[in-house]
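Per chain, numbering begins at 1; letters A, B, ... match sequence-line order.
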Amino acid sequence: MKSAIHDLLRAAVATLAVDGQFDSSTLPAPQLDRTRDVMHGDFATNIALLLAKQFGMKPRDLAQQLVSALPASPLLARVEIAGPGFINFFLTEAAYHAEIPRILQAGHNFGRSQHGAGQRVQVEFVSANPTGPLHVGHGRGAAYGAVVADLLAAIGFDVHREYYVNDAGRQMDILGTSVWLRYLELCGENLRFPSNGYKGDYVWDIAATLHREHGDAYRVDAVELFANLPVDAATVDEPPRENGDKEAHIDGLIAAAKRLLGDNRYRYVFELGLNVILDDIRADLAAFGVEYQEWFSERSLTESGAVNRAIARLRSGGHLYEQDGALWFRSTAFGDEKDRVVVRDNGQMTYFASDIAYHMDKLERGFDRVIDIWGADHHGYIPRVKAALTALGDDVNRLDVLLVQFAILYRSGEKAQMSTRSGEFVTLRQLRNEVGCDAARFFYVMRRCEQHLDFDLDLAKSQSADNPVYYVQYAHARVSSVLRQAVEKGLALEPSAGVTNLELLTAEHELALLRTLTRYPELVETAALRAEPHQLTQYLRELANDFHTYYNAQQFLVADVALRDARLKLILATRQVLRNGLNLLGVSAPESM
RNA sequence: GCGCCCGUAGCUCAGUCCGGAUAGAGCAACGGCCUUCUAAGCCGUGGGUCGCAGGUUCAAGUCCUGCCGGGCGCGCCA
């Protein structure tokens with residue numbers, strides 16, 4: 001609908017440009033906006049104000065000429081010039097009525113478009129280390145990423161959803177070692193669990209599996225294991241101690257574990273921990289309605305030689321240097337605040353080295369656009385990744401990093417704190433079980449991603465008007481209920497009947513609802529392009545409000561057959577749009593509540 | 001100290017990209033609406049120096065500069 005009016009406007013501007021000897025390509029493209037106030041019509045443009053200077057005319061005079069140059073259209077009831085020179089477009093009721101069969105015919109495709117056709121986009125999100133269950137912070141990234149991906153797919157992009165699995169590195173060694181130590185305790189060994197180890201119950205569970213299936217096959221003498229290790233720091237329950245170093249202690253434990261178990265047995269414990277947790281994350285996300293095309297292994301980057309290749313490319317470009325026994329990337333040459341180590345003095349690759357290789361690999365896979373969705377605490381990491389891509393000679397503009405701020409849970413006004421390491425956290429699974437997937441998905445994307453999210457558990461659970469997700473779902477259920485009763489009373493409409501009777505929809509509430517319905521395709525497109533799912537939640541609340549208002553003002557199942565038919569078509573179209581929008585959010589559209 | 005994000009009604013937030021018309025919504029408060037399709041709903045009323053100060057502009061919540069407040073980050077951790 002908007003594009004039709006936009007075409008008329010562009011034609012008028014082009015006509016005037018020719019008359020006035022202007023090259024239309026040098027003029028700003030006319031913007032057409034939805035009006036805020038119905039007094040200003042349906043659409044408005046400020047193009048006369050913007051072009052007045054170039055055309056050497058007063059804005060209102062230019063506006064008048066533009067209006068005269070507008071091609072005739074059955075969509076336009078009238079066009080007015082207002083204020084300093086705005087041009088306001090008032091659409092005919094028929095223009096709105098014609099949208100109803102369009103919505104009904106398009107069905108679940110209404111709002112979808114081919115805007116991004118032919119372009120491949122990768123969206124990488126969540127990518128939490130598989131060292132424990134996902135917590136509520138990951139949940140926001142999951143919901144946000146999934147909806148952004150679905151929005152982009154809705155406007156025609158070929159979307160590749162990916163989870164980067166950190167299945168290598170020190171944190172995973174700490175997890176494997178934590179599992180093994182718990183196992184030793186189950187074997188009856190007496191030991192002091194390291195302050196830096198993973199203390200969650202899930203570690204005990206994995207250790208119990210190992211013990212149940214393999215008995216004492218992985219047991220060693222704890223006294224021998226802990227001999228000659230650097231002193232650990234104090235845990236939170238212990239009095240402070242001097243000279244403790246939790247990092248050196250855990251690294252010593254990892255090295256001892258590898259030595260005492262040998263490669264094969266160490267590997268087995270490590271893999272057991274990784275696989276159990278990764279399976280849990282997969283199941284958790286699947287239950288949350290989040291699906292991926294690919295789970296990309298960090299380890300595979302080393303095995304495929306991608307990391308070495310990335311380093312070689314940086315080296316041949318002269319971007320690497322050695323200092324203090326380590327290999328550094330001169331990222332300051334590309335705007336980073338300091339240079340970064342890619343190979344440590346002990347020969348180990350840093351996480352950053354893998355990440356360079358990963359992003360190099362992403363671009364090599366030919367995506368037109370690569371979107372990373374990270375927690376806001378990683379924002380300092382953006383300059384170095386972009387620096388690396390620039391140094392590699394890749395087009396850094398293909399990468400967008402979107403930062404998602406923290407989600408803070410509130411229960412009866414109190415914050416719920418979370419930390420994976422201490423084992424005291426609220427998991428995504430707990431949240432899903434408590435408030436349900438629908439409320440969780442909706443609440444997570446209700447705010448702009450740059451905004452801290454106050455997640456009110458009590459509100460998310462409440463079945464009342466306060467709860468926006470129920471409010472929208474209730475509108476859908478209400479339409480369904482009316483349609484059910486129409487069938488029961490033998491009043492079912494014939495959806496294929498086309499535009500017949502729609503001219504009877506002239507009440508203010510009906511036209512307001514229609515106006516909102518026709519905004520949907522525009523809304524989906526901007527929400528997708530700007531990666532702003534909250535626009536969709538906002539819109540659905542407005543649409544639900546328009547419907548509830550209409551519902552309270554008019555009876556649908558009236559005796560007048562023609563009027564009833566028209567109203568049923570309108571609410572059927574409303575249900576379709578509610579359903580399409582909820583579907584994009586990953587929220588169910590219940591037939592009854 | 002440096003960098004990123006945020007600051008709009010009592011509360012939670014839209015609106016800022018790309019400057020436009022009297023700054024919007026929900027909650028909370030107050031007052032109405034169920035013999036009629038689900039009251040999980042609707043309608044109405046009150047409530048704002050858009051953090052502060054300058055600047056640009058015909059026009060600034062929106063753009064620029066400087067402050068102030070809050071969050072996060074500044075490892076040869078991931």
Checklist line | Short side-chain N/O contact to B/C43 OP1/OP2 from A/Tyr551, under 4.0 Å | finding: no
Margin query: To the closest 0.5 Å, what do you measure between NZ (A/Lys2) and CG (A/Asp42)?
Written below: 13.0 Å
Check: Which of these nucleotides, B/C42, B/G20, B/A21, is closest to any side-chain atom of A/Ala82?
Finding: B/A21
Notebook entry, point to check: Is any side-chain N or O of A/Asn88 under 3.5 Å from a base N or O of B/A21, one able to act as donor and the other as acceptor?
Noted result: yes
Next item on the list: Determine the contact category for A/Asn46: base if any of its heavy atoms lies under 4.0 Å from a base atom, sugar-phosphate if only primed atoms, P, OP1 or OP2 are that close, otherwise nothing.
Entry: base
Next item on the list: Can you tell me, in whole Å, how much space there is between the C1' of B/U8 and that of B/A14?
Entry: 10 Å
Note to self: For B/A14 and A/Gln451 - does any side-chain N or O of the residue sit under 4.0 Å from the phosphate oxygens OP1/OP2?
What the structure shows: yes
Margin query: By the 4.0 Å heavy-atom rule, please label A/Ala553 as base, sugar-phosphate, or nothing.
Written below: nothing
Item checked: Dot-bracket notation for RNA chain B, counting Watson-Crick and G-U pairs under 3.5 Å, with | for partners on another strand -> (((((((..((((......[...)))).(((((.......))))).....(((((..]....))))))))))))....
Margin query: Return the CG to CZ distance between A/Asp361 and A/Phe296, rounded to the nearest 0.5 Å.
Written below: 4.0 Å
Next item on the list: Look at A/His534 and B/G15 and indicate whether a side-chain polar atom (N or O) is within less than 4.0 Å of OP1 or OP2.
Entry: yes
Item checked: Presence of A/Arg567 side-chain N/O under 4.0 Å of B/C37 phosphate oxygens OP1/OP2 -> no
Notebook entry, point to check: Which is true for A/Leu49 with a 4.0 Å heavy-atom rule: it touches a base, it touches only sugar-phosphate, or it touches nothing?
Noted result: base
Item checked: Short side-chain N/O contact to B/C6 OP1/OP2 from A/Arg447, under 4.0 Å -> no
Note to self: Nearest to the A/Arg478 side chain among B/C37, B/A14, B/A39, which nucleotide is it?
What the structure shows: B/A39
Next item on the list: Could you work out the separation of B/C74 and B/U56 based on their P atoms and round it to a whole Å?
Entry: 41 Å
Next item on the list: Assign the ring pair A/Tyr539 / A/Tyr520 to parallel, tilted or perpendicular, where the plane angle (0 to 90°) is split at 30° and 60°.
Entry: tilted
Notebook entry, point to check: Where the side chain of A/Phe86 is defined as all heavy atoms beyond and including C-beta, which of B/G20, B/A14, B/C42 is the nearest nucleotide?
Noted result: B/G20
Checklist line | A/Arg575/A/Glu591 salt bridge by N-O under 4.0 Å criterion | finding: yes
Would you tabulate the nitrogen or oxygen pairs shorter than 3.5 Å linking the protein to nucleotides 74-77 of chain B?
{"residue": "B/C74", "atom": "O2'", "partner": "A/Glu337", "partner atom": "OE2", "Å": "2.9"}
{"residue": "B/C76", "atom": "OP2", "partner": "A/Lys338", "partner atom": "NZ", "Å": "2.9"}
{"residue": "B/C76", "atom": "O2", "partner": "A/Asp345", "partner atom": "N", "Å": "2.9"}
{"residue": "B/C76", "atom": "O2", "partner": "A/Asp345", "partner atom": "OD1", "Å": "3.1"}
{"residue": "B/C76", "atom": "N4", "partner": "A/Asp324", "partner atom": "O", "Å": "2.9"}
{"residue": "B/C77", "atom": "OP2", "partner": "A/Arg344", "partner atom": "NE", "Å": "3.0"}
{"residue": "B/C77", "atom": "OP2", "partner": "A/Arg344", "partner atom": "NH1", "Å": "2.4"}
{"residue": "B/C77", "atom": "OP2", "partner": "A/Arg344", "partner atom": "NH2", "Å": "3.4"}
{"residue": "B/C77", "atom": "O2'", "partner": "A/Arg170", "partner atom": "NH1", "Å": "3.2"}

Notebook entry, point to check: Does a salt bridge link A/Glu434 with A/Lys461, judged by any charged N lying under 4.0 Å from a carboxylate O?
Noted result: yes
Check: Is any side-chain N or O of A/Asn545 closer than 4.0 Å to OP1 or OP2 of B/C42?
Finding: yes
Note to self: Under 4.0 Å, heavy atom to any atom of RNA chain B: which of residues 535-544 of chain A qualify?
What the structure shows: A/Gln538, A/Arg541
Next item on the list: Please tell me which of the listed nucleotides, B/U12, B/A40, B/C37, lies nearest to the side chain of A/Tyr470?
Entry: B/A40
Check: If the P atom of B/C43 is compared with that of B/G26, how far apart are they to the nearest Å?
Finding: 8 Å
Next item on the list: Step by step, work out the salt bridge (Lys or Arg N to Asp or Glu O under 4.0 Å) result for A/Arg34 and A/Glu542.
Entry: CA-CA 15 Å; A/Arg34 290 275 178 174; A/Glu542 283 175 44; over 6 Å; no
Next item on the list: Mark this stacking check for A/His40 against B/A21 as yes or no, applying ring centres under 5.5 Å and ring planes under 30°.
Entry: yes
Note to self: Students often get this wrong, so: under 4.0 angstrom with heavy atoms, is A/Ala486 touching a base, only sugar-phosphate, or nothing?
What the structure shows: nothing
Check: More than 12 non-hydrogen atoms from neighbouring residues, nucleotides or ligands closer than 6.0 Å to NZ on A/Lys246, yes or no?
Finding: no
Item checked: Note, A/Phe455 side chain near A/Arg447 side chain (heavy atom, < 4.5 Å) -> no
Note to self: Between B/G19 and B/G61, how many Å separate the two C1' atoms, rounded to a whole number?
What the structure shows: 10 Å
Check: Under 4.0 Å: is that the gap between some side-chain N or O of A/Thr549 and OP1 or OP2 of B/C43?
Finding: yes
Notebook entry, point to check: Checking all strands, does A/Ser592 fall into the base, sugar-phosphate, or nothing category for heavy-atom contacts under 4.0 angstrom?
Noted result: base
Note to self: Quick check for you: among B/C18, B/C37, B/G41, whose closest atom lies nearest to any side-chain atom of A/Gln31?
What the structure shows: B/C18
Margin query: Looking only at side-chain N and O atoms, does A/Glu247 offer a donor or acceptor that is under 3.5 Å from a partner on A/Asn196?
Written below: yes
Item checked: Distance between C1' atoms of B/U16 and B/U62 (Å, rounded) -> 4 Å
Check: Nearest heavy-atom pair of A/Arg140 and A/His452: which atoms, and what distance?
Finding: NH1-C, 4.1 Å
Next item on the list: Indicate, with a heavy-atom threshold strictly under 4.0 Å, whether A/Phe406 touches base, sugar-phosphate, or nothing.
Entry: sugar-phosphate
Next item on the list: Specify the closest pair of heavy atoms between A/Ala326 and A/Val341, including all atoms of both residues, with the distance to one decimal.
Entry: CB-CG1, 4.1 Å
Note to self: Could you go through A/Arg564 and A/Asp560, starting from their C-alpha distance and side-chain angles, then the distance that decides it, and tell me whether this counts as salt bridge (Lys or Arg N to Asp or Glu O under 4.0 Å)?
What the structure shows: CA-CA 6 Å; A/Arg564 187 177 68 223; A/Asp560 182 332; over 6 Å; no
